[in-house]
Amino acid sequence: KIDWEVGLGFKTTIMNQENISTKPNILKRLGAFSIDYCIIFSFTILIISFFGTSNEDGSTSVKGFPGLTPILFWFLWIIFPEQFYGSTIGNRLLGLKVISIKNPNTTSLTFSQSFKRHFLDTFDAAYFIGLILLKNTKYNQRLGDIWAKTIVIDIEDKEQFYKRF
């Protein structure tokens, strides 16, 4: 850890990046993604089945509050558990934990970090961009992880860690 004074007495800290050791954990990360999004898609299908109305062109639409519930469910299933516990249900089942490398005083995620990570889930999944980045970035990060300044470690693998001090 390196501290130095910046202007008017404010102190800035830079973490020694050699305190981070990750692996791609591709199968576990794909498994966690699949678990979480299968549940979200199943919930969405249920909402459409119960509250959907048929349109003239043969499609089905959901309007009003029921149309917003899949988005609310996404926040409750993905964003909040990750922010408060460091993992979604899928991550927890597979022994993965998301860690913030943004703030040297805590490894906990902020709401903004969790939202940034998952806002780009679809983009990371499209054209396998996430997989390519997992294999080719220094800390095995997807685009969402890079933007949010997070890493994902397998808590069962003692070779993966983030030492803050």
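We're numbering straight along the sequence, starting at 1. Side-chain atoms are counted along with the backbone in the values below, which use heavy atoms only and exclude waters and symmetry mates.
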**Item:** Close side-chain approach of Ile47 to Val62, heavy-atom, < 4.5 Å
**Value:** yes

**Request:** State, yes or no, whether a side-chain contact exists between Leu120 and Trp147 at a heavy-atom distance under 4.5 Å.
**Result:** yes

Fellow cluster residues of [X], listed by chain then number, with links counted only when side-chain atoms sit under 4.5 Å apart:
X      : result
Leu96  : Val98, Leu109, Val152
Leu72  : Phe65
Leu134 : Ile26, Leu30, Phe128, Leu131

**Item:** Set of salt bridge (charged side-chain N to carboxylate O under 4.0 Å, His left out) partners for Glu156, sequence neighbours left out
**Value:** Lys28

**Item:** Residues which pass salt bridge (charged side-chain N to carboxylate O under 4.0 Å, His left out) with Lys23, listed by chain and number, not counting sequence neighbours
**Value:** Asp157, Glu159

Given the rule that I, L, V, M, F, W and Y join up when any side-chain heavy atoms are under 4.5 Å apart, are [X] and [Y] in one cluster?
X      : Y      : answer
Leu133 : Leu27  : no
Ile129 : Ile151 : no
Ile79  : Leu93  : yes

**Message:** Strictly by salt bridge (Lys or Arg N to Asp or Glu O under 4.0 Å), give each pair with a member in residues 104-121 just once, sequence neighbours left out.
**Reply:** Glu82-Arg117, Arg117-Asp145, Asp121-Arg142

**Asked** What pairs meet the salt bridge (Lys or Arg N to Asp or Glu O under 4.0 Å) rule with one or both residues in residues 32-41, with sequence neighbours excluded?
**Response** none

**Item:** With sequence neighbours excluded, residues passing ring pair (Phe, Tyr, Trp, His ring centres under 6.0 Å) with Phe73
**Value:** Phe43, Trp77

**Fill in**
Contacts of Phe123 meeting ring pair (Phe, Tyr, Trp, His ring centres under 6.0 Å) (sequence neighbours excluded), chain-then-number -> none

**Prompt:** Counting heavy atoms not belonging to Phe111, are there more than 12 under 6.0 Å from its CZ?
**Reply:** yes

Which atom pair, heavy atoms only, marks the closest approach of [X] to [Y]?
X      : Y      : value
Thr88  : Pro81  : CA-CB, 4.4 Å
Tyr139 : Ile20  : CD2-CG2, 3.3 Å
Ile78  : Ile40  : CG1-CD1, 3.5 Å
Gln141 : Ile146 : CB-CG1, 3.7 Å
Phe33  : Ala125 : CZ-CB, 4.3 Å

**Message:** Given 3.5 Å as the limit, does a donor-acceptor pair link the side chain of Asp124 with the main chain of Leu143, or not?
**Reply:** yes

**Side-chain donor/acceptor of Gln160 to backbone N/O of Ser21, under 3.5 Å** = no

Using the side-chain contact (heavy atoms from CB on, under 4.5 Å) criterion, which residues pair with [X]? Sequence neighbours excluded.
X      : value
Ser34  : none
Ser61  : Thr53, Asn55, Lys63
Ser108 : Thr106

Which distance, rounded to the nearest 0.5 Å, do you find between the [atom1] of [X] and the [atom2] of [Y]?
X      : Y      : atom1 : atom2 : value
Ile101 : Asn19  : CD1   : CG    : 11.5 Å
Trp74  : Ile39  : CH2   : CD1   : 15.5 Å
Ser87  : Lys97  : OG    : NZ    : 6.5 Å
Asn140 : Ile153 : CG    : CD1   : 12.0 Å
Gln113 : Asn103 : CD    : CG    : 8.5 Å
Thr44  : Tyr37  : OG1   : OH    : 10.5 Å

**Message:** Assess the residue pair Phe115 and Phe75 against the criterion (side-chain contact (heavy atoms from CB on, under 4.5 Å)); give the C-alpha distance rounded to whole Å, side-chain angles, the decisive distance to 0.1 Å, and a yes or no.
**Reply:** CA-CA 9 Å; Phe115 183 80; Phe75 274 97; 3.8 Å; yes

**Message:** Is it the case that the side chains of Gln83 and Ser114 hold a donor-acceptor pair, with the cut-off being a distance below 3.5 Å and no angle test?
**Reply:** no

